[in-house]
Amino acid sequence: MNKAPVEVSIDELDYAGPDQDELVRIWNELAFKSLLEKLDYTAEATEKEDLNFEVLETVDASLLEDGMAVHLELYDEHYHSCDLLGVSLASEKATYVIPMEVVVESDALKAWLEDASATKYMSDSKAATAAFLRKGIKIDGVDFDLMLGAYIVNPSLKYTDLADIVREYGYSDVSTNEQVYGKGAKKKVPEAADLNEHMARKARAIFNVRPVVVKKLEENEQFDLYDKLELPLAKVLGQMESLGVKVDRGQLADMGVELKRKLGMIEQEIYSLAGQEFNINSPKQLGVILFEQLGLPAIKKTKTGYSTAADVLEKLEGKHEIIHHILMYRQLGKLLSTYIEGLLKEIHEDGKVHTRFQQALTTTGRLSSTNPNLQNIPVRLEEGRKIRKAFVPSQPGWVMVAADYSQIELRVLAHMSKDESLIEAFQSDLDIHTKTASDVFNVSLEEVTSDMRRAAKAVNFGIVYGISDYGLSQNLNITRKEAADFIERYLASFPGVQGYMTSIVEQAKKDGFVTTLMNRRRYLPDINSSNFNLRSFAERTAMNTPIQGSAADVIKQAMIEMDIALEREGLQSKMILQVHDELIFEAPAEELEKLMELVPEVMESAVKLNVPLKVDIASGDTWYDTK
DNA sequence: AAACGCACGC
DNA sequence: GACGTACGTGCGTTTG
């Protein structure tokens, strides 16, 4: 639900009634009531405007026009594996439903879908593209994507359902998937008449709402971001997902056996040290053992009991031998459950994993990755890093290539803040954390100690991710006061950054939103809140989102250009993954030399900043070896 | 089924 | 001083 857009600042009115937060609360209550009424209203289903549509048993090419809404109905969100239920079409004058068995038999429809010059309006075109591909249909000519458009207009709204998207634009003549299919164990495909109407209403909704979204994008000067970045990216991502990543099942299985053996031994050791058996995976039981039976000091609490999180346990490491074993058990258990067993479950019949990149989800503009998540494969600790040995090229004689942007967020910050010292540092290609330490601690580069560099790195981390002094104090295990002092010294050393931070917050307070390099927006409804926590959070978000979001803009641009460059150079090499600041490829060995030159060139020139972009690249037989 | 605690990435 | 911790996904446990 939207936060109340209280436009008038009550502070300025010397008003004795409820304060701004109270008004927000009242407004939200009213909005919630009206939402409940709306839900009741739609639950009656009969209240929707009648929609006439035709169910086609054959597809006559003459029905297929340019600028039609096209919708592929999928049974669930796992479009690399779920059932395809049918296609619906909508134009100014007509609405059609084409049952799936007709779709797969129709050459006319296939030809039209594959015709790049036949423009189509869709929603979540990436899902449709990938799913159609499973039926041998290479859809082209996607000219509009409702979901992406709506996401660019407001990335903070979480909608997984078309009905929720169009409702945001005042259109309520389409049911949610949950209303049509049910949920959980009761989920099922309804009878044909209901399914057909649902599909028909979706195509109609896309067609009718499109102009409203386009107008909003144009008003906000975001049409290019949508049309030249997100829409072409959807096609590139769809190709990457469909191609997938080859996984060495045997390698994972072997690691699993070894992990289980180690876990069994650690488990016995823990029971022995505890003097009893218990479920180590239960924080509740573990808490009782550690803080009641063994009498260790409980440093931190959660809302339900003792905290047994790693940062707490690490502080207890000297106090009892059991702690070390629990930390080890946690680390290896994570590897086994998530990265061995979890990953094995995701391998398709082709021996590959086909992640889905969520392109309309994060508030900053980053992608996310699910089923499996390939953006959080371990790398930091060696034991975990070995998981990457299981990610291999899909063909013999091919290799893996990984290219990552060096300090892209801080380079973006240098550009946006125009901070002279930061710009100079990147132009000289200095180690940025050492340079930061040198400025903050007022010593020469040579005099920077490893502790000084570590502290500076944490501060840079804080700047990039918008953490609070409290967050920094937790990171560095220092007091909040000391952390605040660090930040103050940082900002004094980089006055350009100081000025940027001040002005971006001012701007957010004035406009109610912040923007990135490519005009991606994030609204900050709490920026003027009288609640300290809400307001502080919004202020940090104001500082952080342009940095993280602009970095996302840059790599997205690079991906589009990389796709074009591979095609232009006639290479067989494929881009297969994106992990926020890095791109991963598989390549025939013969193309390696060419690729190692091409990739950094394309990535470094994707966007022109007032500091250079720098890319590190490496190749190897597995993902693990690209280091 | 949903909420929680925890842990992995950038 | 506030009281919590950038952005995500997924696992196992507990709770309802």
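So you know, we letter chains A, B, ... as the sequences are listed, proteins then strands, and number each from 1.
A:T308 comes within 4.0 angstrom of the backbone, heavy atoms only, and of no base. Residue contacts for A:T545: at a heavy-atom cut-off of 4.0 Å it reaches no nucleic acid atom on any strand shown. A:L367 comes within 4.0 angstrom of nothing in the nucleic acid, heavy atoms only. At the heavy-atom level, A:L361 lies under 4.0 Å from the strands shown only through sugar-phosphate atoms. Residue contacts shown for A:E409 are absent, as no nucleic acid heavy atom lies under 4.0 Å away. Counting any heavy atom pair closer than 4.0 Å across all strands shown, A:T363 reaches sugar-phosphate atoms only and no base atom. Residue contacts shown for A:Q375 are limited to sugar-phosphate atoms, with no base heavy atom under 4.0 Å away. Among the heavy atoms of the strands, none lies under 4.0 Å from A:V464. Nucleic acid contact for A:A310: sugar-phosphate only, since backbone atoms but no base atoms lie under 4.0 Å from a heavy atom of the residue. If you check every strand for non-hydrogen atoms under 4.0 Å, A:T370 touches sugar and phosphate atoms only.
Looking at which nucleotide of DNA chain C each of A:K158 and A:K345 is closest to, the 5′-most match is held by A:K158. Along DNA chain C, the nucleotide nearest to A:N373 and the one nearest to A:K300 differ in position, and the one closer to the 5' end is contacted by A:K300.
Rounded to an integer number of Å, the gap from A:N531 CG to C:dT5 P is 12 Å. Regarding A:L286, its CG atom lies at a distance of 17 Å from the P atom of C:dG12, rounded to whole Å. Computed from coordinates, the A:R385 CZ to B:dC8 C1' distance equals 14 Å when rounded to whole Å. Regarding A:E539, its CD atom lies at a distance of 16 Å from the P atom of C:dA6, rounded to whole Å. Remark: P of C:dT5 and CZ of A:F461 are 15 Å apart, rounded to the nearest angstrom. As rounded to whole Å, 11 Å separates atom P of C:dC3 from atom CG of A:L534. A:R330 places its CZ atom 17 Å from the P atom of C:dC11, with the value rounded to the nearest Å. Residue A:H580 contributes atom NE2, which lies 16 Å from atom P of B:dC8 at whole-angstrom precision.
The local environment of NZ in A:K188 is sparse, with at most 12 non-hydrogen atoms from other residues, nucleotides or ligands closer than 6.0 Å.
Here A:K334 does not reach the OP1 or OP2 of C:dG12: none of its side-chain N or O atoms lies under 4.0 Å away. Put simply, A:K303 has a side-chain N or O that comes within less than 4.0 Å of OP1 or OP2 on B:dC4. Contact annotation: A:Q285 reaches the phosphate of C:dT14 (side-chain N/O to OP1 or OP2, under 4.0 Å). OP1 or OP2 of B:dC6 sits under 4.0 Å from a side-chain N or O of A:S307. Taking 4.0 angstrom as the limit, A:T338 places none of its side-chain polar atoms (N or O) nearer than this to OP1 or OP2 of C:dG10. In terms of phosphate contacts, A:T362 brings no side-chain nitrogen or oxygen within less than 4.0 Å of OP1 or OP2 of C:dG8. For the OP1/OP2 pair of C:dT15 and a distance below 4.0 Å, the side-chain nitrogens and oxygens of A:T304 include no atom meeting the criterion. Contact between the side-chain N/O atoms of A:S282 and the OP1/OP2 oxygens of C:dT14 is found at a separation under 4.0 Å. Distances shown here put a side-chain N or O of A:R522 below 4.0 Å from the OP1 or OP2 atom of C:dC7. The phosphate of C:dA6 (OP1 or OP2) has no side-chain N or O of A:R540 nearer than 4.0 angstrom.
By the 4.0 Å N-to-carboxylate-O rule, A:K300 lies close enough to A:D311 to be salt-bridged with it. Under the 4.0 Å criterion applied to side-chain N and carboxylate O atoms, A:E178 and A:K187 are not assigned as salt-bridge partners. Between A:D553 and A:R520 a salt bridge is recorded (basic side-chain N to carboxylate O distance below 4.0 Å).
Both distances falling under 3.5 Å, in either a Watson-Crick or a G-U wobble arrangement, place C:dC7 opposite B:dG9.
Between A:Y226 and A:Y151, the ring center distance fails the sub-6.0 Å criterion. Ring pair A:F461/A:Y465: centre-to-centre distance below 6.0 Å.
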*A:V412 and A:L609: side-chain contact (heavy atoms from CB on, under 4.5 Å), yes or no, with the steps?*
CA-CA 8 Å; A:V412 161; A:L609 303 182; 4.3 Å; yes
*Does the side-chain contact (heavy atoms from CB on, under 4.5 Å) test come out yes or no for A:I270 and A:F278, once each step is laid out?*
CA-CA 9 Å; A:I270 289 171; A:F278 65 101; 3.8 Å; yes
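With B:dC6, C:dT14, B:dC8 as the candidates, the nucleotide lying closest to the side chain of A:K284 is C:dT14. Nearest nucleotide to the A:S468 side chain, out of B:dA2, B:dA7, C:dG4: C:dG4. Relative to the side chain of A:D581, the nucleotides C:dC7, B:dG5, B:dC10 differ in distance, and B:dC10 lies closest. Which of B:dA7, C:dG10, B:dG9 sits closest to the side chain of A:R366 comes down to B:dG9. Comparing C:dC7, B:dC6, B:dA2 against the side chain of A:K183 picks out B:dA2 as the nearest. Side-chain proximity of A:F537 to C:dC7, C:dG12, C:dT9: nearest is C:dC7.
Nucleotides B:dC6 and C:dT5 are separated by 15 Å at their C1' atoms, to the nearest Å. The separation of B:dG5 from C:dA6, taken at their P atoms, amounts to 15 Å, rounded to a whole angstrom.
Not a single donor-acceptor contact under 3.5 angstrom links the side-chain atoms of A:R380 to the base of B:dC8.
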